[in-house]
Amino acid sequence: QLQVVESGGGLVQPGGSLRLSCAASGFTVDDYAMGWLRQAPGKEREGVSCISTSGGFTNYADSVKGRFTISRDNAKNTVYLQMNSLKPQDTAVYYCAAILGRPDYCSDYNEALWHSWGQGTQVTVSS
C-alpha cells in the first residue's frame, strides 16, 4: 500500500523554525523527484520546493527561497523540509508529493504531475 506520512508541523511564532518530515512506504523515494506543497484556507495549493532523486537539483518558490531547505535521505525513505524565519503567510497544511516524469529534475508545481496523498501536517505561524 502506497503511503506517505507528513509530520513536524505545529504552532510557532514569526521568525521561528520547524522541520517537516515525509516518511514514505510502499514505494522507494529514490525512484522519484519529491516535492512539498501547501494549501492555506481559501487558497489553491501551491508548490513550495522540490528535489531530484539524488538531491543534486533543488527548486524553491520565490516566497520561501532563502528561508526553506529541502533535503532527502533515501536510505531512510524520507524527505525533509527545514523552515526558518517563518512568517504568518506560511500558515498552511503542508503535503509531500512524488513527482512523475523526469527523476533528475523538477520545476514549478504541476498538479497533474505532483502526486500527494497524505493527510498533511498543519503549520501555524502566529503571535
Side-chain angles (χ1 to χ4, degrees):
Q1 182 176 346
L2 304 179
Q3 185 176 6
V4 294
V5 179
E6 298 98 339
S7 62
L11 173 64
V12 298
Q13 295 182 343
S17 297
L18 289 171
R19 188 169 86 145
L20 307 184
S21 297
C22 172
S25 61
F27 71 100
T28 53
V29 301
D30 60 357
D31 288 334
Y32 300 93
M34 299 289 293
W36 286 93
L37 52 87
R38 65 187 182 186
Q39 186 169 27
K43 295 184 178 181
E44 297 292 326
R45 289 188 172 190
E46 63 174 337
V48 176
S49 183
C50 59
I51 186 169
S52 63
T53 52
S54 67
F57 178 87
T58 57
N59 197 17
Y60 298 91
D62 289 342
S63 60
V64 307
K65 190 175 181 64
R67 300 188 297 119
F68 291 9
T69 302
I70 190 170
S71 62
R72 64 192 302 156
D73 187 338
N74 290 338
K76 296 182 178 179
N77 218 36
T78 301
V79 182
Y80 305 95
L81 184 68
Q82 178 68 47
M83 306 187 297
N84 299 325
S85 302
L86 283 162
K87 303 176 180 179
Q89 300 94 310
D90 297 317
T91 296
V93 178
Y94 284 70
Y95 304 87
C96 66
I99 302 174
L100 305 180
R102 296 177 60 185
D104 59 341
Y105 178 79
C106 64
S107 187
D108 294 344
Y109 172 63
N110 185 331
E111 64 179 354
L113 299 178
W114 290 42
H115 184 196
S116 62
W117 61 98
Q119 295 299 304
T121 185
Q122 176 71 51
V123 172
T124 303
V125 185
S126 176
S127 299

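Here the structure is a predicted model, which means the values were calculated and not measured. Only this structure's heavy atoms are used, side chains among them; waters, hydrogens and symmetry mates stay out.
Scanning for salt bridge (Lys or Arg N to Asp or Glu O under 4.0 Å) contacts around E46 gives R38, with sequence neighbours left out. E111 meets the side chain to side chain donor-acceptor pair (under 3.5 Å) test with no other residue; sequence neighbours excluded. Legend: residues meeting ring pair (Phe, Tyr, Trp, His ring centres under 6.0 Å) with W114, ordered by chain and number and at least two apart, are Y109. N110 pairs by the side chain to side chain donor-acceptor pair (under 3.5 Å) definition with nothing, not counting sequence neighbours. In this view, D104 and R102 satisfy the salt bridge (Lys or Arg N to Asp or Glu O under 4.0 Å) rule, not counting sequence neighbours. For T91, there are no side chain to side chain donor-acceptor pair (under 3.5 Å) partners, not counting sequence neighbours.
For R72 (side chain) and T53 (main-chain N/O), a donor-acceptor pair under 3.5 Å exists by modelled atom type. When atom types are taken as modelled, the side chain of S49 and the backbone of N59 share a donor-acceptor pair closer than 3.5 angstrom. With hydrogens and angles ignored, the 3.5 Å screen pairs no side-chain donor or acceptor of N74 with any backbone N or O of S54.
Sorted by first and then second residue, the pairs that involve residues 6-45 and meet disulfide bond (SG atoms under 2.5 Å apart), not counting sequence neighbours, are C22-C96. Residue pairs meeting the disulfide bond (SG atoms under 2.5 Å apart) criterion with at least one partner in residues 40-79, sequence neighbours excluded, are C50-C106. Applying the side chain to side chain donor-acceptor pair (under 3.5 Å) test to residues at least two apart or on different chains, the pairs with a partner in residues 76-88 are S17-N84, Q82-N84.
V12 is connected to V48 through a chain of hydrophobic side-chain contacts under 4.5 Å among Ile, Leu, Val, Met, Phe, Trp and Tyr, so both are in one cluster. By the criterion of side-chain heavy atoms lying less than 4.5 angstrom apart, applied directly or through intervening Ile, Leu, Val, Met, Phe, Trp or Tyr residues, L2 is not grouped with V5; the two fall into different hydrophobic clusters. The hydrophobic clustering, which links ILVMFWY residues whose side-chain heavy atoms are closer than 4.5 Å, places M34 and V93 together.
Note that OG of S52 and CD1 of I70 are 9.5 Å apart. Values are rounded to the nearest 0.5 Å.
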* To do: Apply side chain to side chain contact (heavy atoms under 4.5 Å, CB included) to Y32 and H115, showing your working.
  => CA-CA 11 Å; Y32 300 93; H115 184 196; over 6 Å; no

* Go through I51 and Y60 one step at a time and tell me if the side chain to side chain contact (heavy atoms under 4.5 Å, CB included) criterion holds. => CA-CA 9 Å; I51 186 169; Y60 298 91; over 6 Å; no

* Please assess V4 against Y95 for the test side chain to side chain contact (heavy atoms under 4.5 Å, CB included), listing each intermediate value before the final yes or no. => CA-CA 9 Å; V4 294; Y95 304 87; over 6 Å; no

Could you pull out every donor-acceptor pair under 3.5 Å between side chains of residues 120-127 and any protein atom, sequence neighbours left out?
unit_1, atom_1, unit_2, atom_2, d
T121, OG1, G9, N, 3.0
Q122, NE2, A92, O, 3.4
Q122, NE2, T124, OG1, 3.3

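Looking at L20 and E6, their side chains never come closer than 4.5 Å, going by heavy atoms from C-beta outward.
Taking both residues in full, the closest heavy atoms of Q39 and K43 are given as NE2-O, 3.1 Å, listed atom of the first, atom of the second, then distance.
Residue L11 is found outside any hydrophobic cluster, as its side-chain heavy atoms come under 4.5 Å of no other Ile, Leu, Val, Met, Phe, Trp or Tyr. Grouping Ile, Leu, Val, Met, Phe, Trp and Tyr by side-chain contacts under 4.5 Å, direct or through others, puts F57 with Y105.
Under the 30°/60° scheme for interplanar angles, the aromatic rings of F27 and W117 are found to be tilted.
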